[in-house]
Amino acid sequence: MYSSLISIAKKLSSHEHLKQLHAQMILNSLHQNSFWVSLLITKCTRLNAPSSYTNLVFNFVQYPTVSLYNCMLRYLSHLGAHHEVTALFQKMLRAEVRPDAFVYPILIKSAEKSGIALHAHIFKLGYICDRILSNGIMAMYAKHGPIEVARQLFDEMSDRAVADWNSMISGCWRWGLEIEALRLFDVMPQRNVITWTCMVTGFSRIKNLERARWYFDVMPQKSVVSWNAMLSGYAQNGFKDEAFKLFNEMLDAGVHPDDRTWTIIISSSSSHGDASLVELLVGMLDAKKVHVNPFIQTALLDMSAKCGKLEAARDIFDELGTHANTAARNAMISAYARVGDLTSARDLFGQMPERDIVSWNSMIAGYAQNGQSPQAIELFKQLIEVGHPKPDEVTMVSALSACGHLGALELGNWVVDFLSKADIKLSISGYNSMIFMYSKCGSMKDAMRIFKEINLRDVVSYNTIIAALAAHGDASEAIKLVSKMGKEGIKPDRLTFIGVLTACSHAGLIQEGRKVFESINCPSVDHYACMIDLLGRAGELDEALRLLENMPMEPHAGVYGSLLNAGRIHRRVELGELAAKKLFELEPNNSGNYVLLSNVYAAASRWKDVERVREYMKQKGVVKATGWSLAEYDGKIHKFIAGDRSHERSKEIFGFLSKLRQKMRQSGYFADKDCVLSDIEEEDKEEMVGVHSEKLAISFALLVSKPGSVIRVVKNLRIFRILGTSNGTIWPAYDEGMVYPYLKDKTTKC
DNA sequence: CTAGGGTTAG
């Protein structure tokens with residue numbers, strides 16, 4: 001009677017088969033039989049059956065035996081449902097089913113993965129003498145800390161098995177006790193493959209690939225796990241070529257890659273973004289008839305997405321169906337975010353049954369990288385409100401970057417404050433994003449402070465601070481830093497030179513700029529654009545033109561843009577026209593170019609030509625991009641669009657603006673053109689085009705400000721600090737450094 | 001059913 005059941009059980013390889021078997025069991029009235037249900041649930045574990053189904057099967061049984069409980073606990077633990085493990089264990093105790101020796105290793109493993117302390121207490125009560133259990137408990141402390149407790153248990157052991165040494169060594173590596181791990185390795189009486197593999201992963205983790213490789217090479221035998229460990233070491237540290245080389249060596253050595261090997265290889269080739277590599281790998285998987293599990297599928301999904309094949313990624317995602325775990329969903333979210341489809345990303349994010357920190361980070365970064373900083377910050381605040389999962393460095397990098405793009409210093413300070421209170425450890429990239437935030441918000445002092453405080457800097461740290469100095473026109477400091485980075489053994493890259501050249505340009509340092517330009521090994525188009533900008537701004541327009549004509553590559557829009565701007569500043573209409581002509585070809589829809597050309601004519605008082613450009617724009621259907629400004633007030637960002645009345649206090653703002661103007665006119669006050677509130681003559685034109693966004697922002701700032709408060713209005717590089725309404729003084733915040741030199745000394749009183 | 005290796009975010 002059971003033979004047909006056994007034959008079904010043997011070939012179980014899909015969820016469908018599970019259902020078939022269960023149906024047969026019901027037919028044979030075996031769905032109450034602990035033995036058969038155990039068998040089925042063991043299969044469920046292996047095939048990652050959904051918990052809804054497995055729970056159904058389990059709940060059929062009225063009086064489960066100990067071993068059936070064990071199977072179910074193992075299933076839940078495998079699934080990562082550690083709270084359910086605890087619950088089921090308690091249910092088992094309530095049902096007066098006496099736990100046998102097999103249940104504890106399952107519970108310990110679950111406790112180990114989840115760090116649920118409750119379990120540990122249960123075992124400590126009397127199972128410490130069993131060597132497997134004592135190892136389990138020690139391993140738990142080694143993994144989750146405190147490592148000292150693990151050490152104490154280890155020292156108390158009467159006779160230590162290799163497994164105990166291995167757990168302890170692994171724990172030492174995990175908690176950064178490199179020296180102790182090495183010492184234990186040296187003094188232990190016996191070592192096995194696992195011990196050696198521990199050393200390989202240990203050294204990989206601290207990025208010492210050479211020593212990791214040394215242990216890998218000298219180990220007496222290797223298992224697939226050892227190969228995987230070494231491969232993963234290379235992959236995680238960005239040594240893709242070495243990973244591939246080792247993978248080939250592995251195949252040559254006749255070692256069969258397992259599913260984890262494939263996962264590592266696929267994910268490490270993801271960053272290549274090379275479509276042909278996808279085909280190669282998929283071909284290999286086919287040829288070797290590899291069973292593609294959800295891990296491999298997720299890696300494939302991610303790789304397809306990174307090669308720009310969103311459709312293929314979505315296909316894999318749909319194929320995964322119920323097997324799509326959090327990681328797979330996260331991969332899909334970032335795939336959408338990468339192409340800018342934030343709606344789909346957010347939909348998926350909203351539908352997730354469980355969200356881990358990667359889910360939040362993917363979504364927040366998605367917003368931050370697609371120019372939607374307010375949404376990024378909004379989501380970050382939501383995460384803090386929910387309280388879990390705990391934000392990590394990646395979260396903070398995105399949040400800080402969003403604050404930086406908005407110029408929101410108040411928010412930025414809040415994020416930094418949160419970060420230190422939550423005790424989130426930062427690496428170089430975390431500090432770099434802090435430097436970025438401060439410098440974008442105009443707090444050069446803080447940016448410099450962080451830059452000096454961190455003892456490890458990389459090329460990104462330097463590029464960030466140099467770009468900031470460039471924006472402030474502090475060229476001498478920028479040049480100093482380049483030579484400093486040389487002393488620290490950091491090689492300047494493309495972006496470094498762009499930064500220094502920009503700095504020279506803003507400070508008008510032609511000689512220094514020339515020297516820097518000549519020192520660049522193989523200047524790119526961007527470097528030429530910077531150099532032409534530098535020469536052009538400084539008035540050396542003929543030299544700029546010569547440089548342009550002798551470029552070894554085709555100039556891009558940036559190069560002509562620099563020339564056009566130079567033509568405007570120095571009223572060289574013919575150069576401006578030349579540049580504009582090229583720009584209209586290269587970027588026919590960029591309204592900025594048309595505006596710039598009309599400014600060239602305006603600067604030369606050729607009003608007819610100004611009109612002609614405007615006509616030309618209309619004729620071509622080019623719409624001038626709407627201006628916008630931001631004001632940060634009370635931790636919130638207020639956005640103002642030119643001529644727009646959508647702000648909730650719009651009425652008051654417009655009223656305030658007109659009062660302000662009256663006051664200015666009465667006092668006969670007149671300031672020059674760069675002061676936003678001063679260009680009264682433009683008022684009539686505003687009737688047609690709408691009020692400039694910056695005026696709205698500043699009016700708002702003045703309206704809400706209390707004496708002594710600081711309100712920041714940010715647009716491009718201009719930050720206004722409001723000292724109070726009593727005398728209504730505003731000025732560009734050059735005290736914080738964030739202005740071009742030509743804005744200096746432009747203080748307005750209203 | 002002790003100890004080593006996997007997917008996703010910057």
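Just so we're on the same page: letters track the sequence lines, and every chain starts at 1.
A cation-pi arrangement, defined by a distance under 6.0 Å to the six-membered ring centre and an angle within 45 degrees of its axis, is present between Arg355(A) and Phe349(A). Judged by a 6.0 Å distance limit and a 45° cone about the ring axis, Arg160(A) is positioned over the six-membered ring of Trp165(A).
With hydrogens and angles left out, the side chain of Asn192(A) and the base of dA3(B) share a donor-acceptor pair within 3.5 Å. Judged by distance alone, with hydrogens and angles left aside, Ser223(A) brings a side-chain donor or acceptor within reach of the base of dG4(B), the pair sitting under 3.5 Å.
Across all strands, Arg160(A) comes closer than 4.0 Å to no nucleic acid atom at all (heavy-atom distances). In this structure, Val193(A) reaches the bases: a heavy-atom distance under 4.0 Å links it to at least one base atom across the strands shown. Here Ser226(A) lies in heavy-atom contact (under 4.0 Å) with a base. Base contact: Thr298(A) has a heavy atom under 4.0 Å from a base atom. Here Ser429(A) lies in heavy-atom contact (under 4.0 Å) with a base.
Checked against dT2(B), dT7(B), dG10(B), the side chain of Ala327(A) finds its nearest nucleotide in dT7(B). Between dA9(B), dT2(B), dG6(B), one nucleotide has an atom nearer to the side chain of Ser362(A) than all others, and that is dA9(B). Nearest to the side-chain atoms of Val358(A) among the listed nucleotides dT7(B), dT8(B), dA3(B) stands dT8(B). Distances from the side chain of Asn228(A) to the nucleotides dT8(B), dG5(B), dA3(B) place dG5(B) closest. The nucleotide whose nearest atom lies closest to any side-chain atom of Val397(A) is, among dG5(B), dT8(B), dG10(B), dG10(B). Side-chain proximity of Ile194(A) to the nucleotides dG6(B), dA9(B), dA3(B) is greatest for dA3(B). Among the nucleotides dG4(B), dT2(B), dG6(B), the one closest to the side chain of Asn135(A) is dT2(B).
A close approach under 4.0 Å does occur between a side-chain nitrogen or oxygen of Gln236(A) and OP1 or OP2 of dT7(B). Between Arg338(A) and dA9(B), a side-chain N or O to OP1/OP2 separation shorter than 4.0 Å is present. Residue Ser170(A) places at least one side-chain N or O under 4.0 Å from the OP1 or OP2 atom of dG4(B). Taking side-chain N and O atoms only, Lys306(A) has a distance below 4.0 Å to OP1 or OP2 of dA9(B). Distances shown here put a side-chain N or O of Ser232(A) below 4.0 Å from the OP1 or OP2 atom of dG6(B).
Rounded to a whole Å, the CG atom of Asn432(A) is 16 Å from the P atom of dG10(B). Between Asp258(A) atom CG and dG5(B) atom P there is a gap of 13 Å when expressed in whole angstrom units. Rounded to an integer number of Å, the gap from NE2 of His323(A) to P of dT7(B) is 20 Å. For the pair Glu354(A) CD and dA9(B) C1', the interatomic distance rounds to 17 Å; values are reported in whole Å. The interatomic distance linking Lys143(A) (NZ) with dA3(B) (C1') rounds to 9 Å, in whole Å. Atom CG of Leu348(A) is separated from atom P of dA9(B) by 14 Å (rounded to the nearest Å). Atom CD1 in Ile266(A) sits about 14 Å away from atom C1' in dT8(B), given to the nearest Å. Atom CG of Asn330(A) and atom C1' of dG10(B) are 14 Å apart (whole Å).
Looking at residues 364-380 of chain A, you'll see Ala365(A), Gln369(A) sit with a heavy atom under 4.0 Å from some atom of DNA chain B. Residues from residues 177-186 of chain A placing a heavy atom under 4.0 Å of any atom in DNA chain B do not occur.
Judged by distance alone, the side chain of Asp302(A) and the main-chain N or O of Ala305(A) form no donor-acceptor pair under 3.5 Å. Side chain of Asn237(A) to main chain of Gly233(A): a donor-acceptor pair is present (N/O by atom type, distance under 3.5 Å, no hydrogens or angles). Remark: side-chain polar atoms of Asn330(A) are paired, donor with acceptor, to backbone N or O of Thr326(A) under 3.5 angstrom.
For Arg338(A), there are no side-chain hydrogen bond (donor to acceptor under 3.5 Å, both in side chains) partners at least two apart in sequence or on another chain. Residues passing the ring-ring contact (aromatic ring centres under 6.0 Å, His included) test with Phe317(A), sequence neighbours excluded: none.
Rounded to the nearest 0.5 angstrom, Asn135(A) CG and Leu153(A) CG are separated by 10.5 Å. Here Ser38(A) contributes atom OG and Tyr69(A) contributes atom OH; the two are 12.0 Å apart, rounded to the nearest 0.5 Å.
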Exercise answer: donor-acceptor pairs, residues 176-193 of chain A side-chain atoms, under 3.5 Å, sequence neighbours excluded:
| residue | atom | partner | partner atom | Å |
| --- | --- | --- | --- | --- |
| Glu180(A) | OE1 | Arg183(A) | NE | 3.3 |
| Glu180(A) | OE2 | Arg151(A) | NH1 | 2.5 |
| Glu180(A) | OE2 | Arg183(A) | NH2 | 3.0 |
| Arg191(A) | NE | Phe185(A) | O | 2.9 |
| Arg191(A) | NH2 | Phe185(A) | O | 3.0 |
| Arg191(A) | NH2 | Asp186(A) | O | 3.4 |
| Asn192(A) | OD1 | Asn166(A) | ND2 | 3.3 |
| Asn192(A) | OD1 | Ile194(A) | N | 3.1 |
| Asn192(A) | OD1 | Thr195(A) | N | 3.0 |
| Asn192(A) | OD1 | Thr195(A) | OG1 | 2.8 |

Please list every donor-acceptor pair under 3.5 Å in which a side-chain atom of residues 218-225 of chain A meets a protein atom from a residue at least two apart or in another chain.
| residue | atom | partner | partner atom | Å |
| --- | --- | --- | --- | --- |
| Lys222(A) | NZ | Phe216(A) | O | 3.3 |
| Ser223(A) | OG | Val225(A) | N | 3.2 |
| Ser223(A) | OG | Ser226(A) | N | 3.4 |
| Ser223(A) | OG | Ser226(A) | OG | 3.2 |

